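Reviewing the structure listed below.
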Amino acid sequence: MLSGRIAELQYLDQYYEKAGSQILVVYGQKHIGKSTLLKEFAENRPSHYYLARPCSEREQLYQWGMQVRAAGKTIKEFPELSDILNVICGESGKKIVIIDEFQNIAKTSESFMKELVRFMEGLEEVNGLMVLLCSSAIGWVENSMISKIGDAAYSLSGLLKVRALSFGDIVHRFPDFRIEECVEAYSILGGFPGLWNQFDDRLTIQQNICRHILNKDSYLFEEWERLVSEQLRETSVYNTILAAIASGKYKLNDIYLHTGFSRAKISVYLRNLMELELVEKVFSYDMADKENAQKGIYRIVHPFVNFYFTYMYPYMSALQTISVGEYYNQYIYPVFKKYVSGCFKQVCREHLAKLNKRGRLPIHYETSGEWVGKEGNIDFIAQDADGKMLIALCNWEKAMMTYEDYEWLLSYARKVKINADYIYLYTASGFDEKLNLEAKVKRNLKLVQITDI
């Protein structure tokens, strides 16, 4: 069974075991593992897979008909959708039909969904059909699909959003990486198993970056462009905004001053980037002290897009003129720890969420977030139903987490009116002696090293 996809497979199994026919929409970002998930689900079951192309409706059915004929079936040159489905469902028993990137059909055909629903309504219950409509166009699925398919939406049995895998899954995927290397890989590839396939845990992270990203002949060298351009027009505008955010222009006014675009235009484009889950808008955890909080900053949330706009886009001329080894040493190595530190915070949050789910924290929190302040950040804040709070600070860059870091956190929390009942400190290295002694006498202080995660 696929690692990290047990719940998704169980969800699909439940629908397959139901009598009659079903239509499910399965969607998620590119490289998230949708096709792999569906192929594993359909394994050892009567199934048919078709990848929809971006083309006219007539050409779509022609290509689909060619695929059916190549499988040894008889069908006319330009079939109707019902002709194709009749051939697929020719034998008795329930069938699975996977239509990958189905938005390429639905966007150009006014009748596709109506014909699909009509065909399925005419099937006998014993000859049920399970149609899985798969899409990477998450913005279109969540914001435009229902209006596009009209009344056919009432015939959808369910929607399954396939989300990024966790840090624990990447550790499982790369057993030969040290835990620190897994964090570094996660900071570049995120929870996208389609991107994981490009890395090799027999190599160091530096070797993987040089060979599989910076190398102009590698698959990942231009993958950033495919990720941005496949669903967005005016890529020059989006690239400009993404480059501004990656360079540290986190607030709307900063992006405005850097790009010269109007605030209204930037807001529209940021909204589109957020719909595609490439960018997120971050707000500080809702506390009494509003004055010391940063108000609405933007971050690139897709790790690979963030890596590209941080390390490749600004220095593309150099990448074309010097060796990848020189490039890594000059432009990536000196600041890579700072870049990875942002991902380490996410790893720590995932760890706390897992502990919370298992009831292994001193509180069972219901809400959580972070504090993005004008004078510093608190990496994690959580609160239970009784108002008790847990806060956390995460260290990746420093050689050792010190007692002074702990004192700063306590002082800063008081300043921004956060009452910290429990404190968790995470580090990728170690803790100084004074902090270790403090943790032995303070029951509300927990020290966590990366090897404990």
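In this text the structure is predicted, and so the values were computed from the model without any measurement.
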Does the Lys NZ or Arg CZ of Lys18 fall within the cation-pi geometry relative to Tyr15 - under 6.0 Å from the ring centre and within 45° of the axis?
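Flagged: Lys18 positioned over aromatic ring of Tyr15.
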If you measure from the Lys or Arg side-chain nitrogens to the Asp or Glu carboxylate oxygens, is any gap between [X] and [Y] under 4.0 Å?
| X | Y | answer |
| --- | --- | --- |
| Arg202 | Asp200 | yes |
| Glu404 | Lys434 | no |
| Asp13 | Arg45 | yes |
| Arg443 | Glu438 | no |
| Arg5 | Glu40 | no |
| Glu223 | Lys30 | yes |
| Glu101 | Arg53 | no |
| Lys337 | Glu184 | no |

Could you check whether any side-chain N or O of [X] sits under 3.5 Å from a backbone N or O of [Y], counting only pairs where one atom can act as donor and the other as acceptor?
| X | Y | value |
| --- | --- | --- |
| Glu225 | Glu222 | no |
| Arg211 | Gln206 | no |
| Asn215 | Asp217 | yes |
| Lys94 | Tyr16 | yes |
| Ser157 | Ile23 | yes |
| Asn104 | Ala52 | yes |
| Ser267 | Arg263 | yes |
| Glu17 | Gln14 | no |
| Ser109 | Ile105 | no |
| Asn329 | Gly325 | yes |

Please give me the minimum heavy-atom distance between [X] and [Y], naming the atom from each residue.
| X | Y | answer |
| --- | --- | --- |
| Cys210 | Val324 | SG-O, 3.8 Å |
| Ile32 | Gly191 | CD1-O, 4.2 Å |
| Asp100 | Ser35 | OD2-OG, 2.7 Å |
| Trp371 | Gly376 | CD1-O, 3.9 Å |
| Ile188 | Phe336 | CD1-CZ, 4.0 Å |
| Ala428 | Glu180 | O-OE2, 4.3 Å |

Interatomic spacing from [atom1] in [X] to [atom2] in [Y] - rounded to 0.5 Å:
| X | Y | atom1 | atom2 | answer |
| --- | --- | --- | --- | --- |
| Lys39 | Ile96 | NZ | CD1 | 14.0 Å |
| His212 | Leu203 | NE2 | CG | 5.5 Å |
| Glu43 | Leu38 | CD | CG | 13.0 Å |
| Leu425 | Gln449 | CG | CD | 11.5 Å |
| Leu214 | Tyr315 | CG | OH | 13.0 Å |
| Leu435 | Thr427 | CG | OG1 | 9.5 Å |

Should we say atom [atom1] of [X] is surrounded by more than 12 heavy atoms from elsewhere, each under 6.0 Å from it?
| X | atom1 | answer |
| --- | --- | --- |
| Tyr256 | OH | no |
| Lys107 | NZ | yes |
| Lys216 | NZ | yes |
| Lys398 | NZ | yes |
| Glu433 | CD | no |
| Arg226 | CZ | yes |
| Tyr333 | OH | no |
| Lys161 | NZ | yes |

Could you check whether any side-chain heavy atom of Trp396 comes within less than 4.5 Å of a side-chain heavy atom of Val183, counting everything from C-beta outward?
yes
With a 6.0 Å cut-off on the ring centroids, do [X] and [Y] count as close?
| X | Y | result |
| --- | --- | --- |
| Tyr339 | Tyr311 | yes |
| His302 | Phe192 | yes |
| Tyr298 | Tyr250 | no |
| Tyr365 | Phe380 | yes |

Before giving the answer on side chain to side chain donor-acceptor pair (under 3.5 Å), spell out for Asn239 and Ser236 the whole-Å C-alpha distance, their side-chain angles and the decisive distance to 0.1 Å.
CA-CA 5 Å; Asn239 289 345; Ser236 61; over 6 Å; no
Side chains of [X] and [Y], donor plus acceptor under 3.5 Å:
| X | Y | result |
| --- | --- | --- |
| Glu326 | Gln330 | no |
| Glu234 | Tyr269 | yes |
| Gln383 | Thr367 | no |

Can you name the one residue among Phe344, Tyr426, Phe167 that meets ring pair (Phe, Tyr, Trp, His ring centres under 6.0 Å) with His351?
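That would be Tyr426; it is the only one of Phe344, Tyr426, Phe167 passing the ring pair (Phe, Tyr, Trp, His ring centres under 6.0 Å) with His351.
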Hey, can you tell me if Phe307 and Phe304 have their rings parallel, tilted or perpendicular (30° and 60° cut-offs)?
parallel
Anything under 30° is parallel, anything over 60° is perpendicular, the rest tilted; go ahead and classify Tyr412 against Trp408.
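Ring orientation of Tyr412 relative to Trp408: parallel.
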Check the pair Glu370 / Arg299 against salt bridge (Lys or Arg N to Asp or Glu O under 4.0 Å), numbers first and verdict last.
CA-CA 14 Å; Glu370 61 183 301; Arg299 289 181 189 153; 3.1 Å; yes
Side chain to side chain donor-acceptor pair (under 3.5 Å), that's the test. Do Gln198 and Ser218 meet it? Break it down for me.
CA-CA 9 Å; Gln198 303 302 316; Ser218 67; over 6 Å; no
